[in-house]
Protein chains: 2
Amino acid sequence: MDQIRSYFNRFLALNDSEWADFVACCHKEPVPKKEFILRQGEVCDYIAFIGEGIFRFYYVQEGEEHVTAFFFPGDFVTNYRSFLRGNPSEHYIESLKPSVIYKIYKNDLLALYDRHKNFERLGRFIAENLYLTVAGRLDSFLHDSPENRYQELVQRNSKLLQEVPQYMLASYLGIKPETLSRIRARK
Amino acid sequence: MDQIRSYFNRFLALNDSEWADFVACCHKEPVPKKEFILRQGEVCDYIAFIGEGIFRFYYVQEGEEHVTAFFFPGDFVTNYRSFLRGNPSEHYIESLKPSVIYKIYKNDLLALYDRHKNFERLGRFIAENLYLTVAGRLDSFLHDSPENRYQELVQRNSKLLQEVPQYMLASYLGIKPETLSRIRARK
DNA sequence: TGGCTTTATTGACTTTGGTCAATGAAAAAC
DNA sequence: GTTTTTCATTGACCAAAGTCAATAAAGCCA
């Protein structure tokens with residue numbers, strides 16, 4: 001839980017009563033390897049802080065898996081679209097290793113927003129931050145070659161390379177496993 | 001200004017005093033065609049609601065323009081990254097037609113956040129919404145062919161096709177003008 | 001450990017988008 | 001309205017990623 005508090009502190013410091021209120025809403029949950037915490041068609045009614053483990057966020061189209069994102073300890077994992085809009089999820093969220101998460105359900109979170117202005121603000125900061133992350137990824141990928149995209153990834157997030165099977169990485173980069181294999185062989 | 005209020009109402013209704021407070025922070029500004037409202041290197045210290053006109057958001061790399069986004073009447077336009085972080089902008093924001101914008105400066109907006117919890121919430125909604133837009137675009141870019149991306153764009157946002165020169169559209173889709181021309185000829 | 005399944009690599013070939021260059025059309029400037 | 005510039009189209013060719021298939025390597029489970 002300390003991890004979560006320090007995550008929050010990067011944006012804004014909660015006082016002790018706000019924090020206690022938050023802690024009361026967290027549900028600790030162990031997740032075995034290769035387990036889905038969200039399936040296509042389900043509505044995502046929680047956000048989950050990752051204490052341990054790795055998750056991938058992907059959808060299936062014409063029999064092919066398309067990986068949109070990976071999540072690591074210290075991240076929040078959720079289908080934010082499904083969570084916000086109440087739509088059924090197009091994505092699966094699956095653990096790649098044995099994991100531990102802390103779930104906060106939507107009703108509880110909305111109540112926290114209502115009760116504490118600081119929480120409302122924290123929610124804004126987190127949404128803003130998510131936006132910046134994705135927008136940066138879009139920009140950097142929109143006009144770069146797959147080769148450059150891979151090289152950038154290696155630089156910025158070498159953790160991914162060791163922790164995640166290559167065929168998932170390829171999908172995350174928007175290319176085929178064979179192509180990624182060839183890019184890696186190129187030097 | 002009614003446009004802005006109805007934009008807000010899609011997310012949350014402001015009461016009259018909140019609205020009056022907001023209106024007092026808006027600075028109306030006409031913008032001629034092909035005018036920059038933000039240049040590379042400048043810090044973006046405002047968000048601007050578009051009353052009339054079109055803007056494009058792009059950066060220049062190795063002599064080439066890369067279009068990241070277009071903005072239309074009813075949208076907010078800003079370099080959100082530069083605005084939030086106070087970094088110098090990598091992007092230009094340029095009007096494509098004679099336009100009218102309503103600027104809200106950062107200091108004023110932060111003060112609104114402080115004064116009204118509803119405003120804080122509105123800020124969250126807007127950030128969340130921006131995130132969903134970009135995240136969807138990223139997904140479609142990573143896993144769809146340029147051809148499909150174009151077809152999707154035609155369906156979802158036919159306004160773009162009429163209003164924006166084709167070479168800018170091509171850049172927005174991450175392809176060359178010649179390729180877009182050929183995709184269009186394909187049927 | 002040995003056998004099975006999944007994942008990664010490599011090769012031959014195809015498809016698609018990029019490049020360069022020429023031409024035509026449309027829009028802007030005078 | 002005519003000139004000039006910008007933009008869109010088309011063709012020939014090239015480069016890069018995709019496809020299909022075979023093989024090798026790695027991981028997993030009994």
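If you're wondering where the values come from, they're calculated on a predicted model, not measured in any experiment. Residue numbers start from 1 in every chain, and the chains themselves are labelled A, B, ... in the order their sequence lines are given, proteins ahead of strands. Heavy atoms only: backbone and side chains are in, while hydrogens, waters and symmetry mates are out.
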Give the rounded distance in Å between these two atoms: [atom1] of [X] and [atom2] of [N].
| X | N | atom1 | atom2 | answer |
| --- | --- | --- | --- | --- |
| B:L96 | C:dA27 | CG | P | 15 Å |
| A:K97 | D:dC28 | NZ | P | 12 Å |
| B:E178 | C:dA22 | CD | C1' | 12 Å |
| A:L173 | C:dA8 | CG | C1' | 16 Å |
| B:Y167 | C:dA25 | OH | P | 21 Å |
| A:R149 | D:dA16 | CZ | P | 14 Å |
| A:R184 | C:dT10 | CZ | P | 10 Å |
| A:L180 | C:dA8 | CG | C1' | 10 Å |

* Nearest-neighbour nucleotide for the A:S145 side chain, D:dA17, C:dT10, D:dT10 considered ->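 In terms of side-chain proximity for A:S145, the closest of D:dA17, C:dT10, D:dT10 is D:dA17.
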
* Asked: Counting side-chain heavy atoms from CB outward, which of C:dA8, C:dG18, D:dG11 is closest to A:P165?
  ->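 Nucleotide nearest to A:P165's side chain: C:dA8.
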
Taking only side-chain N and O atoms of [X], does any of them lie within less than 4.0 angstrom of OP1 or OP2 on [N]?
| X | N | answer |
| --- | --- | --- |
| B:Q166 | D:dT9 | yes |
| B:K33 | C:dA28 | yes |
| B:S181 | D:dA8 | no |
| B:R186 | C:dG17 | yes |

* Structure fact -> Result for ring pair (Phe, Tyr, Trp, His ring centres under 6.0 Å) between B:Y7 and one of B:F125, B:F76, B:Y102 points to B:F76

* **Basic-acidic side-chain contact under 4.0 Å: B:R156, B:E152** => yes

* Asked: Would you call A:D139 and B:R137 a salt bridge, taking side-chain N to carboxylate O under 4.0 Å as the test?
  -> no

* Mind checking whether A:Y172 and A:F70 have parallel, tilted or perpendicular rings, split at 30° and 60°? -> tilted

* Asked: Do other residues, nucleotides or ligands put more than 12 heavy atoms under 6.0 Å from B:E90 CD?
  ->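 It does not: B:E90 CD has 12 such atoms or fewer within range.
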
* To do: Map B:T179 and A:M168 onto DNA chain C by nearest heavy atom, then report which one ends up closer to the 5' terminus.
  =>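 That would be A:M168.
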
* Select base, sugar-phosphate, or nothing to describe what A:P177 touches, counting heavy atoms under 4.0 Å on all strands. => nothing

